[in-house]
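Here's the structure we're looking at; comments come further down.
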2 protein chains.
Amino acid sequence: MHSASNPAAAFRSHDHEDCLGSVLNRADTLSREAGIRMTPVRRRTLEILLEEHRALGAYEVLERLAKHGFGSQPPVAYRALEFLVEHGFAHKIRRLNAFAACMQPGEAHAPAFFICDACGAVAEVPEEDVRDALEVAADRLGFRMSRVNVEVLGTCPACIAEAA
Amino acid sequence: MHSASNPAAAFRSHDHEDCLGSVLNRADTLSREAGIRMTPVRRRTLEILLEEHRALGAYEVLERLAKHGFGSQPPVAYRALEFLVEHGFAHKIRRLNAFAACMQPGEAHAPAFFICDACGAVAEVPEEDVRDALEVAADRLGFRMSRVNVEVLGTCPACIAEAA
DNA sequence: TTACCTCTTGTTATATTATAACATATCATG
DNA sequence: CATGATATGTTATAATATAACAAGAGGTAA
């Protein structure tokens with residue numbers, strides 16, 4: 001299995017160079033196809049988010065962007081992040097006020113995020129069942145559903161093992 | 001059906017005096033039983049959250065508390081809200097950075113929140129199916145789940161009708 | 001090519017949300 | 001009624017996020 005489509009890669013050992021690289025390549029391809037501009041700041045922002053499988057706050061991203069020679073004021077980070085989220089290359093993790101790279105860019109998906117309290121790892125997991133259950137509930141309510149956030153807090157396998 | 005246990009009351013017409021009153025009574029009872037102190041600020045904060053079926057930001061709550069003669073500095077509101085959330089009398093809606101009264105206090109529940117983009121109404125709906133699906137996924141991942149946030153954005157029945 | 005338009009970047013300034021730290025007051029209880 | 005724990009109020013500040021505008025980069029069509 002190719003690591004970019006490995007669900008919950010955050011919780012599995014994998015070749016992270018390959019994982020990062022393939023997501024980045026895919027983002028480049030998708031941008032070209034969609035006619036949107038994956039500019040240097042935006043691409044670098046995505047690279048930063050891809051470095052580790054965790055969510056970064058906008059100011060953490062900003063700090064790293066500044067080190068790479070980009071602007072050092074908040075809008076620089078917020079704008080790049082907004083672009084990535086808007087085009088499906090990143091997700092905002094509301095629970096953390098932070099951002100994580102999307103591990104399935106371009107694929108229609110209704111992800112749930114599993115967030116480890118202990119180490120901060122964030123795994124993105126396709127959860128069609130959850131979305132289906134919510135669709136059913138929405139229909140019953142007469143509610144027109146547009147977006148869904150599903151975030152699960154707890155302890156990841158590695159941190160459970162560590163504690164034992 | 002008693003309005004306090006009416007799921008998604010926010011989206012249904014109901015006797016709101018009764019709805020508010022019964023949740024408040026229930027909160028009083030539960031506090032007494034649990035030996036926790038439902039003080040005036042805390043109770044008033046809950047009343048404020050119960051006025052409408054929508055989420056209020058901490059500063060909105062604070063403003064109203066101040067009008068009722070309580071302190072006017074942020075910690076006053078944040079502390080009361082923290083108490084309510086901690087004891088299951090309110091929920092934080094992460095998507096909105098805001099707080100909503102819990103409509104099923106004391107009952108074990110894994111609520112999903114349906115949030116109307118148009119009018120701000122927030123409905124709390126028991127979603128055992130969703131929780132079950134997430135438990136299954138968590139087990140598969142070896143993830144120990146502690147807390148879950150499920151928030152659905154969209155348009156409520158009333159606003160759909162309005163638009164038509 | 002220039003002229004023009006749009007989108008992007010960078011900056012300053014400020015808004016919004018949230019917490020730390022400490023003094024005073026209240027409450028249960030021994 | 002003394003005491004320790006809990007709650008309230010205050011000042012100050014931290015952390016997160018956006019508005020508004022000037023300058024630059026990129027496309028496109030005369």
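None of these values were measured; they are calculated from a predicted model.
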Close approaches to DNA chain C from residues 51-75 of chain A, in residue order (heavy atom, under 4.0 Å): A:G71, A:S72, A:Q73, A:P75
More 5' along DNA chain D: B:R42 or B:N97, using each one's nearest nucleotide? B:R42
Return the set of residues passing side-chain contact (heavy atoms from CB on, under 4.5 Å) with B:A133 (not counting sequence neighbours), or none when no residue passes. A:D129, A:V130
Without decimals, in angstroms, what is the distance between A:M38 CE and C:dT9 P? 11 Å
Taken in chain and number order and not counting sequence neighbours, the residues that satisfy ring pair (Phe, Tyr, Trp, His ring centres under 6.0 Å) with A:H16 are A:H14, A:H53
Is any side-chain nitrogen or oxygen of B:K92 closer than 4.0 Å to OP1 or OP2 of C:dA18? yes
How many whole angstroms separate atom CZ of B:R32 from atom P of C:dA28? 13 Å
Interatomic distance, A:Y78 OH vs C:dG10 C1' [rounded to whole Å]: 17 Å
Between which nucleotides of DNA chain D, 5' to 3', does chain A make heavy-atom contacts below 4.0 Å? D:dT16 to D:dG26
Please enumerate all residues that pass ring pair (Phe, Tyr, Trp, His ring centres under 6.0 Å) together with A:F83, with sequence neighbours excluded. A:H87
Measure from CZ on A:F83 to P on C:dG10 and round the result to the nearest Å. 15 Å
Taking side-chain contact (heavy atoms from CB on, under 4.5 Å) as the definition, give me every residue that meets it alongside B:D117, ordered by chain and number, with sequence neighbours left out. A:S146, B:L153
Can you work out whether B:R79 or B:L96 has the more 5'-proximal nearest nucleotide on DNA chain C? B:L96
Show me the side-chain donor-acceptor pairs of residues 56-81 of chain A shorter than 3.5 Å, one per line, residues at least two apart or across chains.
unit_1 : atom_1 : unit_2 : atom_2 : d
A:E60  : OE1    : A:G57  : N      : 2.9
A:E60  : OE2    : A:R54  : NH2    : 3.2
A:R64  : NH1    : A:E51  : OE1    : 3.4

Which pairs, with at least one residue in residues 149-162 of chain B and sequence neighbours excluded, count as a side chain to side chain donor-acceptor pair (under 3.5 Å)? A:R95-B:N149
Sequence neighbours excluded - side chain to side chain donor-acceptor pair (under 3.5 Å) pairs with any residue from residues 34-49 of chain B: B:D28-B:R43, B:R43-B:E47, B:R44-B:E47
Measure from CG on B:L81 to P on C:dT19 and round the result to the nearest Å. 11 Å
Looking at A:E135 and A:R131, does any basic side-chain N land under 4.0 Å from a carboxylate oxygen? yes
Over all atoms of both residues, closest heavy-atom pair of A:M38 and A:A27: CE-CB, 4.1 Å
In whole Å, what is the span from the CD1 atom of B:I93 to the P atom of C:dT17? 15 Å
